[in-house]
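Take this structure, written in structure tokens, and hold onto it; I'll ask about it next.
Labels below follow one simple rule: chain letters A, B, ... track the order of the sequence lines, proteins then strands, and each chain is numbered from 1.
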Amino acid sequence: DAKTTQPTSMDCAEGRAANLPCNHSTISGNEYVYWYRQIHSQGPQYIIHGLKNNETNEMASLIITEDRKSSTLILPHATLRDTAVYYCIVRVLNMLTFGGGTRLMVKP
Amino acid sequence: GAVVSQHPSWVICKSGTSVKIECRSLDFQATTMFWYRQFPKQSLMLMATSNEGSKATYEQGVEKDKFLINHASLTLSTLTVTSAHPEDSSFYICSARVPPGVTGYYGYTFGSGTRLTVV
């Protein structure tokens, strides 16, 4: 079973920051949080992952709360090409189990 | 970087025939690969985990005799849908666990998917 809860859908204005929340209240101490996105009819694309510290790369930032029960993916300047389904995943037993994800719609 | 090449990208087959989908890891060795299935407007569902040189581990409810997985080398895993029926029509996606030290390492990389239509 997926261990994460995400809003079903979100809208974001082009050029603005997109903040995608994720709850993972049952996460264990050594379980990583991964974020992937899937554009229609393509394979999932890696975005970022973390354990307890905040992480940043060229695509996004990942903010993990101190108790690790939730996290937020931040796309700093959303573009139309960021429209996709975003999956927050807690890695368990070295495999990724996908939940429902958040459908992000970036609008002009 | 760590890339997985999946072929074919789409296939149409007649009911009762078998279809093979290939997943190759490029520039790295994948001891573990995963196969997912995705129905329209739904999330990815893990079907099975394959380990090189051993039998695949199937998730509950997935028929191992219908979905044959072979992981005979460190760079190739195949999924064969046997005696396909229209209800097997779906988007099939493979994934490989990337070993540390590989350029672009971040744990797991996915193929581009195969859309199977059974008529």
Side-chain angles (χ1 to χ4, degrees), chain A residues 1-9 20 22 24 30-53 55-62 64 71 73 83-105, chain B residues 1-10 21 23-25 30-51 56-61 89-100 102-117:
Chain A
D1 292 332
K3 297 180 65 171
T4 62
T5 304
Q6 299 176 255
T8 304
S9 64
L20 290 85
C22 179
H24 32 79
N30 60 348
E31 292 175 340
Y32 282 78
V33 178
Y34 282 76
W35 283 83
Y36 281 77
R37 72 181 183 184
Q38 186 180 28
I39 296 170
H40 182 62
S41 293
Q42 297 182 23
Q45 176 191 22
Y46 169 82
I47 302 173
I48 201 166
H49 76 285
L51 182 62
K52 58 177 79 171
N53 297 323
E55 302 287 345
T56 296
N57 62 21
E58 63 277 5
M59 289 184 69
S61 294
L62 174 60
I64 303 175
S71 61
L73 177 73
T83 292
V85 178
Y86 287 77
Y87 295 99
C88 168
I89 305 163
V90 172
R91 190 188 78 185
V92 178
L93 297 176
N94 291 321
M95 65 179 70
L96 301 182
T97 302
F98 287 74
T102 296
R103 185 172 298 276
L104 176 68
M105 180 72 72
Chain B
V3 175
V4 163
S5 177
Q6 184 173 345
H7 293 280
S9 56
W10 61 270
I21 301 169
C23 187
R24 292 181 183 273
S25 59
T31 56
T32 304
M33 287 192 176
F34 306 90
W35 287 93
Y36 294 83
R37 179 169 53 181
Q38 185 176 34
F39 292 109
K41 298 187 184 296
Q42 295 187 21
S43 185
L44 284 76
M45 292 189 61
L46 180 65
M47 298 175 67
T49 302
S50 72
N51 294 294
T57 302
Y58 291 80
E59 295 298 302
Q60 192 172 9
S89 298
S90 189
F91 192 54
Y92 292 87
I93 307 168
C94 67
S95 174
R97 188 174 175 209
V98 182
V102 174
T103 301
Y105 165 75
Y106 45 76
Y108 301 82
T109 187
F110 286 80
S112 54
T114 297
R115 183 157 304 282
L116 170 63
T117 302

- Considering non-hydrogen atoms only, spot the tightest contact between A:Gly43 and B:Ile93 and give its length.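 A:Gly43 and B:Ile93 have their closest heavy atoms at CA-CG2, 4.5 Å.
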- Side chain / backbone / both / neither for B:Leu46 at chain A, heavy atoms under 4.5 Å: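 Only the side chain of B:Leu46 comes within 4.5 Å of chain A.
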- Item | Proximity breakdown for A:Tyr87 and chain B, heavy-atom pairs closer than 4.5 Å |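 For A:Tyr87, side-chain heavy atoms alone lie under 4.5 Å from chain B.
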- Query: So do B:Gln38 and A:Phe98 actually touch side chain to side chain, heavy atoms under 4.5 Å?
  - Reply: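 Side-chain contact under 4.5 Å: no.
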- Item | Selection from A:Arg103, A:His49, A:Gln38 maximising heavy-atom pairs under 4.5 Å formed with chain B |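 When all of A:Arg103, A:His49, A:Gln38 are compared, A:Gln38 has the most.
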- Message: For A:Gln45, which atoms come within 4.5 Å of any heavy atom of chain B: side chain, backbone, both, or neither?
- Response: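 No part of it gets close to chain B.
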- Task: Please assess A:Met95 against B:Thr57 for the test side chain to side chain contact (heavy atoms under 4.5 Å, CB included), listing each intermediate value before the final yes or no.
- Result: CA-CA 12 Å; A:Met95 65 179 70; B:Thr57 302; over 6 Å; no
- Exceeds 12 heavy-atom contacts within 6.0 angstrom, atom OH of A:Tyr32: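 No, not enclosed.
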- Query: Excluding sequence neighbours, so at least two apart, what forms ring pair (Phe, Tyr, Trp, His ring centres under 6.0 Å) with B:Phe39?
  - Reply: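 Partners of B:Phe39 under the ring pair (Phe, Tyr, Trp, His ring centres under 6.0 Å) test: none.
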- Query: What heavy-atom pair brings A:Gly100 and B:Ser43 nearest, and what distance separates the two atoms?
  - Reply: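 Nearest heavy atoms, A:Gly100 then B:Ser43: CA-CB, 4.4 Å.
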- Region of B:Tyr108 in contact with chain A, defined by heavy-atom distances below 4.5 Å: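 When you check distances to chain A, atoms from both the backbone and side chain of B:Tyr108 fall under 4.5 Å.
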- If we only count heavy atoms from C-beta on, is the A:Thr97 to B:Glu59 side-chain gap below 4.5 Å?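 No, their side chains stay 4.5 Å or more apart.
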- Residue, of A:Asn94, A:Ile48, A:Val85, that accumulates the most heavy atom pairs under 4.5 Å with chain B: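 Of A:Asn94, A:Ile48, A:Val85, A:Asn94 has the most heavy-atom pairs under 4.5 Å with chain B.
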- Kindly write out the residues that satisfy salt bridge (Lys or Arg N to Asp or Glu O under 4.0 Å) with B:Arg24, not counting sequence neighbours, or none if the list is empty.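 Listed in chain order: B:Glu22.
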- Could you check which of B:Ser112, B:Gly111, B:Gly113 has the highest count of heavy-atom pairs closer than 4.5 Å to chain A?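 Most heavy-atom pairs within the cutoff with chain A belong to B:Ser112.
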- Task: Report yes if some heavy atom in the side chain of A:Leu96 is under 4.5 Å from a heavy atom in the side chain of B:Phe110; otherwise report no.
- Result: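 Sidechains of B:Phe110 and A:Leu96: in contact.
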